[in-house]
There are 2 protein chains.
Amino acid sequence: MLNEKSLSVSPDCSECPIRHRAVCARCETDELERLEEIKYYRKFEAGQTVIWSGDRMEFVGSVVSGIATLTQTMEDGRTQMVGLLLPSDFVGRPGRSSAAYDVVATTDLVMCCFRKAPFEEMMVRTPHIAQRLLEMTLDELDAAREWMLVLGRKTAREKIASLLSIIARRDASINQRDVGDRLTFDLPLTREAMADYLGLTLETVSRQVSALRKDGVIELEGKRHVTIPDMGRLLEEAGDDADGGVFA
Amino acid sequence: MLNEKSLSVSPDCSECPIRHRAVCARCETDELERLEEIKYYRKFEAGQTVIWSGDRMEFVGSVVSGIATLTQTMEDGRTQMVGLLLPSDFVGRPGRSSAAYDVVATTDLVMCCFRKAPFEEMMVRTPHIAQRLLEMTLDELDAAREWMLVLGRKTAREKIASLLSIIARRDASINQRDVGDRLTFDLPLTREAMADYLGLTLETVSRQVSALRKDGVIELEGKRHVTIPDMGRLLEEAGDDADGGVFA
DNA sequence: ACAAGACTTTGACGCAGATCAAGATTTGGA
DNA sequence: TCCAAATCTTGATCTGCGTCAAAGTCTTGT
């Protein structure tokens with residue numbers, strides 16, 4: 001269930017990513033109007049849980065701004081982040097009734113949501129929506145498998161470099177920067193969240209970030225503001241040669 | 001490309017899993033006939049590579065019998081298995097032209113294949129196929145994320161127990177056994193393949209298998225024949241409480 | 001049936017990353 | 001503005017798993 005702290009925002013959002021990425025681009029006008037009818041916005045504050053694992057899912061949607069994470073937890077408290085949701089990423093499982101993971105806003109977050117039942121109904125009537133969703137799910141699957149290599153076989157230093165290169169690349173594409181230039185961004189994750197993503201402890205994350213800084217692979221201003229002087233070098237450190245990770 | 005050692009087998013296969021799982025179950029007759037036209041079988045020997053990462057994919061299909069694996073390799077030779085394909089699992093990426101991973105037969109393998117272009121064309125005409133494929137892809141994504149927890153946060157012993165419980169569960173469902181009974185099966189993987197799946201070395205796998213045997217969690221006859229006297233106990237060892245892993 | 005190769009087990013030892021601990025820096029609320 | 005809580009850094013030590021090595025056991029072909 002949505003947290004009571006969430007609240008609707010303006011119902012108009014011309015840059016709503018689902019409009020471009022998932023649904024509207026190829027829709028006929030009447031479907032587009034129907035979509036507008038079932039669309040609404042939700043806002044969450046940093047730290048709020050969007051959905052708890054096991055909760056009934058009543059919407060699907062996508063991230064408009066901010067960052068959310070998908071997390072799994074074992075009974076003894078060990079946690080593993082299994083997905084990082086950046087603007088334009090899709091959330092939800094057409095055809096599934098309950099959430100499989102905790103979804104947590106790590107920064108202030110705006111989501112564009114569609115009520116699930118009418119969305120699914122529309123999916124049946126409009127085949128290209130199902131196809132677009134299949135494509136997006138295949139991308140996520142590739143990303144998850146890419147991450148399995150990171151978790152299973154990379155060293156701590158390579159893991160940090162992999163994560164930084166993914167965030168840098170995504171950030172560059174959102175802000176229309178050229179990868180290859182000096183990239184600069186704010187880390188949207190605490191050291192602990194990074195550790196949960198990478199299967200490490202926060203102390204190891206801190207040490208390896210310091211080491212990469214000392215070696216000139218990254219520059220830091222404060223704790224969170226990162227600049228990558230040489231993306232090629234970072235990718236080498238990540239063990240990805242040049243082409244880099246697929247993570248969406 | 002398919003390896004030259006592969007060869008067609010009988011074109012009839014009444015228990016072809018795709019018939020039940022992905023496509024035919026809800027097809028109208030004419031689609032079913034069309035499917036028959038583009039269907040063919042391929043047989044591979046243990047150890048053969050079905051497709052190399054980067055190769056042009058000319059078919060989609062599913063495993064009829066035997067086991068295949070999806071593997072990623074780094075330049076320095078480190079490898080990580082990112083998927084385990086058991087009978088009825090689907091292989092291939094509608095909408096993608098080249099393979100993202102190596103697909104290797106670890107036992108003798110029979111696959112039921114469909115030529116990709118006509119299959120995709122049919123997908124467009126027959127919406128429920130696209131929907132079925134979306135469901136299957138979502139299952140795979142859940143499995144991959146479940147595995148991220150295994151790789152990132154579990155100990156070597158828990159990893160082995162997790163893998164054994166997945167294989168045992170799948171084997172039980174294929175052979176219509178009741179989970180909860182004494183389960184018995186042949187391990188379809190070498191110690192090295194298990195290590196590649198679990199992000200461990202083969203020596204560690206061997207030691208932990210021995211330890212689980214010594215502790216009575218599993219019984220071994222020869223190197224490969226395993227029996228699980230108490231599935232609940234195994235799941236505890238895996239750190240999954242009771243309900244267990246989703247891995248498909 | 002036997003030899004050669006593939007697979008597996010076990011031991012000894014080292015190291016990357018975890019754990020435990022203490023401070024330092026940043027953030028936010030009254 | 002100042003205090004308390006959250007976040008981050010760094011150090012010392014421990015340990016699970018990797019590495020290296022050797023020997024045992026299956027499998028296969030001739």
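Source: prediction; values computed, not measured. A note on names: the letters A, B, ... follow the listed sequences, proteins ahead of strands, and every chain is numbered from 1.
Relative ring orientation between A/W147 and A/Y197 is described as parallel, the plane-to-plane angle staying below 30° on a 0-90° scale split at 30° and 60°.
Using a 4.0 Å cut-off, no side-chain N or O of A/T204 falls inside it from OP1 or OP2 of C/dG17. At the phosphate of D/dT7, neither OP1 nor OP2 sits under 4.0 Å from any side-chain N or O atom of A/R224.
Distances were taken from every side-chain heavy atom of A/R191 (C-beta onward) to each of D/dT9, D/dC17, D/dT25; the shortest belongs to D/dT9.
Rounded to whole angstrom, the span from the CG atom of B/D186 across to the P atom of D/dT27 amounts to 11 Å. Between the P atom of C/dT26 and the NE2 atom of A/H225 lies a distance of 15 Å, rounded to the nearest Å. Computed from coordinates, the B/K154 NZ to D/dC17 P distance equals 14 Å when rounded to whole Å. Atom CG of A/L198 is separated from atom P of C/dG17 by 12 Å (rounded to the nearest Å). For the pair A/L220 CG and D/dT10 C1', the computed distance is 15 Å after rounding to whole Å. The distance from atom CD of A/Q208 to atom C1' of D/dT9 is 13 Å, rounded to the nearest whole Å. D/dA6 atom C1' lies 12 Å from atom NZ of A/K223, rounded to whole Å. The CE-C1' distance, from B/M194 to C/dC7, rounds to 13 Å in whole Å.
Other residues, nucleotides and ligands contribute more than 12 heavy atoms inside 6.0 Å of the CZ atom of B/R78.
Contacts of A/L202 with the nucleic acid, taken as non-hydrogen atoms under 4.0 Å apart, are absent. Within the nucleic acid shown, A/T190 comes within 4.0 Å of sugar-phosphate atoms alone, with no base atom in reach, counting heavy atoms only. The residue A/G47 sits apart from the nucleic acid: no heavy atom pair falls under 4.0 Å.
The shortest non-hydrogen separation linking A/V82 to A/Q72 is CG1-OE1, 3.6 Å.
Place A/L189 and A/R153 on DNA chain D by their nearest nucleotides, and A/L189 ends up nearer the 5' end. Each of B/V205 and A/T201 lies near DNA chain C, and the nucleotide nearest B/V205 is the one positioned closer to the 5' end.
Of the possible donor and acceptor atoms, none in the side chain of A/D215 sits under 3.5 Å from a partner among the backbone N and O of A/L212.
Put simply, the side chain of B/E203 and the base of D/dC20 share a donor and an acceptor less than 3.5 Å apart. The base of D/dG11 sits with one of its N or O atoms less than 3.5 Å from a complementary donor or acceptor on the side chain of A/R207.
Salt bridge status for A/R145 with B/E140: present, with a side-chain N to carboxylate O gap under 4.0 Å.
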